[in-house]
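Here's the structure we're looking at; comments come further down.
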Amino acid sequence: QLQLVESGGGLVQPGGSLTLSCAASGFTVSGLTLDYYGVGWFRRAPGKEREGVSCISKDGSTYHVDSVKGRFTVSRDGAKNTAYLRMDNLKPEDAGVYFCAAGERPGVMCAVYDYWGRGTQVTVSS
């Protein structure tokens with residue numbers, strides 16, 4: 001059972017930057033790494049539904065929702081079994097709980113997500 005743990009959230013001023021990390025463990029097959037999974041980043045703002053933000057497919061292609069294009073960068077390091085979400089020029093509307101998710105099967109927004117982390121809080125405020 002794959003486990004995902006997010007970190008890197010915190011309080012940042014508008015215009016600031018944060019990098020979130022998603023560390024994966026619990027691979028059940030020897031040699032399997034996070035490179036074999038699509039990884040997505042989702043966020044849930046107060047009073048809103050969870051939304052997909054960015055993702056990276058198994059083949060390395062990336063996707064960002066329009067509201068974060070040009071500001072967010074998603075990446076993955078298979079050797080460290082960690083995915084990252086670099087967030088620049090943060091806006092108050094970017095605040096929320098950010099979750100990472102992983103899945104082996106391709107799907108809309110990079111993968112069908114079978115594994116989820118518990119989230120990390122991002123607050124954007126002056």
Side-chain angles (χ1 to χ4, degrees):
Q1 181 82 359
L2 195 65
Q3 290 96 43
L4 303 175
V5 178
E6 303 93 338
S7 61
L11 172 64
V12 63
Q13 292 185 343
S17 298
L18 281 176
T19 297
L20 305 183
S21 298
C22 173
S25 62
F27 297 95
T28 56
V29 176
S30 178
L32 199 62
T33 71
L34 197 57
D35 283 338
Y36 289 88
Y37 293 79
V39 178
W41 287 94
F42 297 78
R43 68 185 176 197
R44 186 174 62 233
K48 294 187 177 181
E49 296 288 322
R50 186 180 66 196
E51 65 168 337
V53 175
S54 303
C55 65
I56 182 167
S57 299
K58 291 172 68 172
D59 66 3
S61 58
T62 61
Y63 166 82
H64 300 280
V65 70
D66 285 347
S67 61
V68 308
K69 280 181 181 177
R71 301 189 296 119
F72 287 15
T73 304
V74 60
S75 61
R76 178 179 56 210
D77 186 336
K80 295 182 178 180
N81 285 320
T82 302
Y84 304 94
L85 183 67
R86 167 76 179 186
M87 305 185 292
D88 295 315
N89 191 21
L90 281 160
K91 303 176 181 181
E93 54 264 39
D94 294 319
V97 180
Y98 281 70
F99 303 86
C100 67
E104 293 179 85
R105 295 169 290 162
V108 174
M109 203 177 153
C110 300
V112 176
Y113 295 104
D114 297 311
Y115 308 100
W116 291 81
R118 294 190 174 186
T120 184
Q121 177 73 47
V122 172
T123 303
V124 185
S125 176
S126 54

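As a basis for the values below, the full set of heavy atoms in this structure was taken, side chains included, without hydrogen atoms, waters or symmetry mates.
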For this session: Could you pull out all residues at least two apart from R76 that satisfy salt bridge (charged side-chain N to carboxylate O under 4.0 Å, His left out)?
Result: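 Per chain and number, R76 pairs via salt bridge (charged side-chain N to carboxylate O under 4.0 Å, His left out) with D35.
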
Problem set entry | Partners meeting salt bridge (charged side-chain N to carboxylate O under 4.0 Å, His left out) with R50 (sequence neighbours left out) |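 Testing R50 for salt bridge (charged side-chain N to carboxylate O under 4.0 Å, His left out), a comparison that skips the adjacent residues, returns none.
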
Problem set entry | Audit row: L18, V122, side chain to side chain contact (heavy atoms under 4.5 Å, CB included) steps and yes/no | CA-CA 9 Å; L18 281 176; V122 172; 3.9 Å; yes

Taking every non-hydrogen atom, the tightest pair across [X] and [Y]:
| X | Y | answer |
| --- | --- | --- |
| G38 | A111 | CA-CB, 4.0 Å |
| V112 | P106 | CG2-O, 3.6 Å |
| H64 | V74 | CE1-N, 3.6 Å |
| G40 | C55 | CA-CB, 3.8 Å |
| R43 | V68 | NH1-CG1, 4.0 Å |
| G103 | Y113 | N-CD2, 3.9 Å |

Exercise. Thinking salt bridges, do E6 and R118 make one under a 4.0 Å N-O criterion?
Worked result: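 A salt bridge is absent here (no side-chain N lies under 4.0 Å from a carboxylate O).
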
Exercise. Charged N to carboxylate O below 4.0 Å: is that the case for K69 and D66?
Worked result: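 D66 and K69: salt-bridged.
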
For this session: Measure from the side-chain N and O atoms of Q3 to the backbone N and O of Q1, and report whether any donor-acceptor pair falls under 3.5 Å.
Result: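 Yes, because the side chain of Q3 sits within donor-acceptor range (under 3.5 Å) of the backbone of Q1.
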
Exercise. Does any N or O in the side chain of T82 come within less than 3.5 Å of the main-chain N or O of K80, such that one atom is a donor and the other an acceptor?
Worked result: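 Yes, because the side chain of T82 sits within donor-acceptor range (under 3.5 Å) of the backbone of K80.
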
Exercise. Are I56 and V5 linked, directly or through other ILVMFWY residues, by side chains that come within less than 4.5 angstrom of each other?
Worked result: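 Result: no, two separate clusters.
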
For this session: Spell out, yes or no, whether Y84 and V65 are grouped together once hydrophobic residues are joined by side-chain heavy atoms under 4.5 Å, including indirect joins.
Result: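 In one cluster: no.
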
Does a side-chain heavy-atom distance below 4.5 Å link [X] with [Y]?
| X | Y | answer |
| --- | --- | --- |
| M87 | L20 | yes |
| N81 | S25 | no |
| T62 | T73 | no |
| K91 | R71 | yes |
| L34 | V39 | yes |
| S7 | T120 | no |

For this session: Take F72 and L90 through the test side chain to side chain contact (heavy atoms under 4.5 Å, CB included) and record every step on the way to the result.
Result: CA-CA 9 Å; F72 287 15; L90 281 160; 3.9 Å; yes

For this session: Start with the C-alpha distance between Y115 and Y37, add both sets of side-chain angles, then the distance that settles side chain to side chain contact (heavy atoms under 4.5 Å, CB included), and finish with yes or no.
Result: CA-CA 10 Å; Y115 308 100; Y37 293 79; 4.1 Å; yes

Euclidean distance, [Y] [atom2] relative to [X] [atom1], rounded to 0.5 Å:
| X | Y | atom1 | atom2 | result |
| --- | --- | --- | --- | --- |
| K58 | C110 | NZ | SG | 12.0 Å |
| F42 | S54 | CZ | OG | 10.0 Å |
| S67 | E93 | OG | CD | 8.0 Å |
| R44 | E49 | CZ | CD | 9.5 Å |
| L85 | W41 | CG | CH2 | 6.0 Å |

Exercise. Which is it for S17 and R86 under the side chain to side chain contact (heavy atoms under 4.5 Å, CB included) test, yes or no, and what are the steps along the way?
Worked result: CA-CA 7 Å; S17 298; R86 167 76 179 186; 3.7 Å; yes

Problem set entry | Plane angle bin for W116 and F99 - parallel if under 30°, tilted between 30 and 60°, otherwise perpendicular |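 It falls in the perpendicular class, over 60°.
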
Exercise. Are Y36 and F27 an aromatic pair by the rule of ring centers under 6.0 Å?
Worked result: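 No.
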
